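Predicted model only: the values in this text are computed from it and were never measured. Lettering of chains follows the sequences in order, A, B, ..., and the numbering in each one begins at 1.
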Amino acid sequence: MLQEINIGEEPLELDATFTSGQIFRWHKIDGWWQGWIGHSKVAFKKTGNLIQIRSVPTLDLDVVHNFFSLQVDHKSIIESLPEDRFTRYLVKKYSGIRILQQDAWECAMAYIISSSLSINAINKILDRISFLFTGDSRGCLPGPHEIQMIRPLDNFLGKKWDYLIILSKQIVEGTFKFELLRTLTYESAWRRLVIDEPHFKGIGPKVADCILLFSANKYSSFPIDRWVFRGLKKYYSSLVEESGVSSEHLTITKYKKLSDSARQYFGKFSGFLQEYLFVHLRNTN
DNA sequence: GCCCAGGTGCGGC
DNA sequence: GCCGCACATGGG
């Protein structure tokens with residue numbers, strides 16, 4: 001089924017968005033960006049102000065609207081971000097990048113796997129999980145119930161596989177629901193993932209921020225990985241100094257201090273700026 | 001073979 | 001609390 005959404009003058013570049021590193025396993029084929037949203041096979045193409053959508057089973061347009069975070073308009077992003085020169089530069093250069101709202105379970109799975117791996121390796125591993133589940137490396141990913149049926153032949157994910165299984169059980173048994181995160185403030189949701197009991201193995205301060213930004217509409221989240229940390233030191237050194245963080249290795253306490261001062265400085269749409277900074281660092285180094 | 005990549009858990013002070 | 005280390009994969 002072919003659908004479309006008119007986004008008016010809102011800046012949105014599919015190439016920049018899907019190659020930004022926030023989402024995995026999307027491929028541009030014959031001009032269409034193709035991937036999965038949950039168990040729906042989806043393709044997007046942009047012509048002029050229109051986003052064209054193919055999906056099987058057909059997605060509700062509200063889902064697509066939320067997927068691209070279209071409720072956040074570019075003007076309010078610009079108005080809430082600080083006016084220093086470098087921030088202006090990033091906004092001008094990368095405004096076509098949108099924050100995508102992924103399926104929460106898939107997002108958690110991807111970012112638990114992501115730790116200390118390259119984006120390329122993450123994609124490969126997710127493809128491998130898809131292959132174990134569907135027999136096709138370009139297939140969909142197993143849900144929380146489905147992943148428990150899979151028995152990997154080798155230990156290709158190490159302890160991370162156990163972390164995924166533990167999380168899937170918490171979801172299947174209902175002791176944790178991702179929907180909860182959407183109802184909480186950023187601060188409470190982050191604490192729920194990182195501090196509160198029961199603890200989630202494999203979800204530290206940075207992975208938690210990614211889950212909140214990329215699947216729980218927490219646009220003030222500011223994930224700090226190696227690239228973003230370097231970016232902050234290089235372009236926003238006063239933020240790093242005022243938070244008292246010196247070493248590259250961030251403990252939870254240090255991470256929280258730095259993340260909080262960045263979030264205070266960049267404001268309610270910190271997450272967009274974080275993404276611009278992440279892409280900029282990767283493209284220029 | 002070594003280094004780095006969207007970090008985290010763990011044991012030991 | 002912080003430090004040092006192990007951990008799996010893949011590309012340069």
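- The closest side-chain donor-acceptor pair between Q170(A) and T175(A), if any, does not fall under 3.5 angstrom.
- Atom NZ of K256(A) has more than 12 heavy atoms from other residues, nucleotides or ligands within 6.0 Å.
- Contacts between residues 202-218 of chain A and DNA chain B, defined by a heavy-atom separation below 4.0 Å, involve G202(A), I203(A), G204(A), P205(A), K206(A), V207(A), F214(A), listed by number.
- Using a 4.0 Å cut-off on heavy atoms, the residues of residues 247-262 of chain A that approach DNA chain C are T251(A), T253(A), K254(A), listed by number.
- Taking 4.0 angstrom as the limit, R226(A) places a side-chain polar atom (N or O) nearer than this to OP1 or OP2 of dG7(B).
- When the P atom is used for both dA8(C) and dG11(B), the distance is 15 Å, rounded to whole Å.
- Side chain to side chain, W36(A) and D103(A) fail the donor-acceptor criterion of an N or O pair below 3.5 Å.
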Nucleotides 10-13 of chain B: which of its N/O atoms have a protein N/O under 3.5 Å away?
residue	atom	partner	partner atom	Å
dC10(B)	OP1	K201(A)	NZ	2.6

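- Within residues 111-144 of chain A, the residues approaching DNA chain B are Y111(A), S114(A), S115(A), S116(A), L117(A), S118(A), I119(A), by heavy-atom distance under 4.0 Å.
- Stacking between F156(A) and the base of dA8(C) is absent under the criterion of ring centres within 5.5 Å and planes under 30 degrees.
- We find that CZ of F24(A) is positioned 12 Å from C1' of dA5(B), with the value rounded to whole Å.
- Within 6.0 Å of CD on Q71(A) lie more than 12 heavy atoms contributed by other residues, nucleotides or ligands.
- Using a 3.5 Å distance cut-off with no hydrogens or angles, the side chains of S188(A) and T185(A) do pair a donor with an acceptor.
- Between the side chains of Q22(A) and S20(A), at least one donor N or O sits under 3.5 Å from an acceptor N or O.
- Taken residue by residue, residues 193-200 of chain A places no heavy atom nearer than 4.0 Å to DNA chain C.
- Counting heavy-atom neighbours within 6.0 Å of N6(A) CG, excluding the residue itself, gives a total above 12.
- Note: NZ (K160(A)) to C1' (dC7(C)) measures 8 Å, nearest angstrom.
- With 3.5 Å as the limit, one finds a donor-acceptor pair spanning the side chains of S220(A) and R263(A).
- Summarising the local packing, CZ of F86(A) is surrounded by more than 12 heavy atoms from other residues, nucleotides or ligands at distances under 6.0 Å.
- Taking atom CH2 of W227(A) as the reference point, atom P of dG7(B) lies 10 Å away to the nearest angstrom.
- When the P atom is compared between dG4(C) and dG6(B), the two are found 24 Å apart, to the nearest whole Å.
- Below 30°, between 30° and 60°, or above 60°: for Y89(A) and H280(A) the angle between ring planes is above 60°, a perpendicular geometry.
- Counting to the nearest Å, the P atom of dG9(B) and the CH2 atom of W161(A) are 19 Å from each other.
- E10(A) and R98(A) are joined by a salt bridge, as a carboxylate oxygen and a charged side-chain nitrogen come within less than 4.0 angstrom of each other.
- F178(A) and V172(A) are members of different hydrophobic clusters when ILVMFWY side chains are connected at heavy-atom separations under 4.5 Å.
- Between the side chains of D209(A) and Y186(A), at least one donor N or O sits under 3.5 Å from an acceptor N or O.
- Aromatic ring centres of W26(A) and F18(A) lie closer together than 6.0 Å.
- When only modelled atom types and interatomic distance are considered, S130(A) and R25(A) share a side-chain donor-acceptor pair under 3.5 Å.
- Rounding to the nearest 0.5 Å places CG of L281(A) at 8.0 Å from CZ of R230(A).
- Contact check of residues 228-245 of chain A against DNA chain B (heavy atom, cut-off under 4.0 Å) returns V228(A), R230(A).
- Ring-plane geometry between Y276(A) and Y94(A) is classed as parallel, the angle between the planes falling under 30 degrees on a 0 to 90 degree scale with a further cut at 60.
- Within a 6.0 Å sphere centred on CD of E248(A), heavy atoms belonging to other residues, nucleotides or ligands number more than 12.
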